[in-house]
Amino acid sequence: MSDRSKDWLAQAERDLDQAKASQRDGRHEWACFAAHQAAEKAVKALHLSLKQEAWGHVVARLLRDLPIQVPDNLVEKAKVLDGFYLPTRNANSHPEGSPFEHYGSIQSTDGIAYAAEIFEFARSKMA
């Protein structure tokens with residue numbers, strides 16, 4: 001099996017850029033979702049670089065499953081990002097209203113910051 005970890009990390013970085021672009025465009029629900037995707041792909045890249053397979057979309061669990069020490073606060077930030085996986089895209093995830101009505105600059109700013117921290121953690125461990 002070839003090492004595709006750098007490909008996953010490159011896509012994670014691009015997803016993080018997409019999160020920032022979506023935020024600039026006022027599409028905060030997409031910024032939150034892209035932030036989640038960036039974190040997920042960065043952690044999967046780290047798993048692959050450590051010769052492990054990683055499945056699923058729960059970033060907090062993916063971090064906890066790493067065979068290295070992960071700061072507790074990073075796992076807590078991943079839990080916030082995990083809350084953006086489904087409800088940012090599905091109208092039936094909220095009692096009423098479309099997803100874009102439930103996300104704003106506070107959520108997207110936090111999501112992007114948390115994803116960037118997870119991305120940097122993964123990149124530093126892969127170096």
Exercise. Does some side-chain heavy atom of R64 sit less than 4.5 Å from a side-chain heavy atom of V70?
Worked result: no

Problem set entry | Any side-chain heavy-atom pair of I118 and L81 under 4.5 Å | yes

Problem set entry | Atom pair CZ/CG of R61 and D82 - distance to nearest 0.5 Å | 9.5 Å

Exercise. Would L62 end up clustered with V58 when hydrophobic side chains under 4.5 Å apart are linked, directly or stepwise?
Worked result: no

Problem set entry | Beyond-backbone contact of E53 with W55, side-chain heavy atoms, under 4.5 angstrom | yes

Seminar exercise, completed: Rounded to the nearest 0.5 angstrom, the NZ-NE2 distance for K44 and H47 is 9.0 Å

Exercise. Between D15 and Q11, is any side-chain donor less than 3.5 angstrom from a side-chain acceptor?
Worked result: yes

Seminar exercise, completed: Value for SG (C32) from CD (Q23), rounded to nearest 0.5 Å, stands at 8.5 Å

Exercise. Heavy-atom distance under 4.5 Å between the side chains of K41 and L9, does that happen here?
Worked result: no

For this session: Identify, with sequence neighbours excluded, every residue that meets side-chain hydrogen bond (donor to acceptor under 3.5 Å, both in side chains) alongside S5.
Result: D3

For this session: Name all residues meeting the ring-ring contact (aromatic ring centres under 6.0 Å, His included) criterion together with H102; count only those two or more places apart in sequence or in a different chain, and write none if there are none.
Result: H94

For this session: Verify the neighbour count for atom CG of D72: are there more than 12 heavy atoms of other residues, nucleotides or ligands below 6.0 Å?
Result: no

Problem set entry | For the student: nearest non-hydrogen atoms of G83 and Y103, plus distance | O-OH, 4.4 Å

Exercise. Roughly how far, to the nearest 0.5 Å, is CZ of R89 from NE2 of H36?
Worked result: 8.5 Å

Seminar exercise, completed: Value for CE (M126) from CG (L48), rounded to nearest 0.5 Å, stands at 8.0 Å

Exercise. With side chains defined as the heavy atoms from C-beta onward, is the minimum distance between P99 and N90 less than 4.5 Å?
Worked result: no

Exercise. With sequence neighbours left out, what residues match H57 under ring-ring contact (aromatic ring centres under 6.0 Å, His included)?
Worked result: Y85

For this session: Locate the shortest heavy-atom distance separating Q107 from G104; write the atom from each residue and the value.
Result: OE1-N, 2.9 Å

Exercise. Which atom names give the shortest non-hydrogen contact between E40 and G56, and what distance separates them?
Worked result: OE2-O, 3.4 Å

Exercise. Between E13 and R123, is any pair of side-chain heavy atoms under 4.5 Å apart?
Worked result: yes

Exercise. Which value, rounded to the nearest 0.5 Å, describes the distance between F33 atom CZ and S108 atom OG?
Worked result: 15.0 Å

Problem set entry | Closest non-hydrogen atom pair, A116 against L16 | CA-CD2, 3.9 Å

Problem set entry | By side chain to side chain contact (heavy atoms under 4.5 Å, CB included) - contacts of A19 (at least two apart) | A34, A35, I112

Exercise. Do the side chains of F119 and W8 join up, straight or via other hydrophobic residues, at under 4.5 Å, putting them in one cluster?
Worked result: no

For this session: Answer yes if L63 and L50 sit in the same cluster of Ile, Leu, Val, Met, Phe, Trp and Tyr residues linked by side chain heavy atoms under 4.5 Å apart, and no otherwise.
Result: yes

Exercise. Which pairs count as side-chain hydrogen bond (donor to acceptor under 3.5 Å, both in side chains) when at least one residue sits in residues 110-119, sequence neighbours excluded?
Worked result: K77-E117

For this session: Taking side chain to side chain contact (heavy atoms under 4.5 Å, CB included) as the test, write out the residues that go with S22, two or more places apart.
Result: Q18, R27, W30, A31

Exercise. Between L46 and F121, is any pair of side-chain heavy atoms under 4.5 Å apart?
Worked result: yes

Problem set entry | Salt bridge flag under 4.0 Å for residues D17 and R14 | no

Problem set entry | CD1/I106: more than 12 non-hydrogen atoms of other groups inside 6.0 Å | no

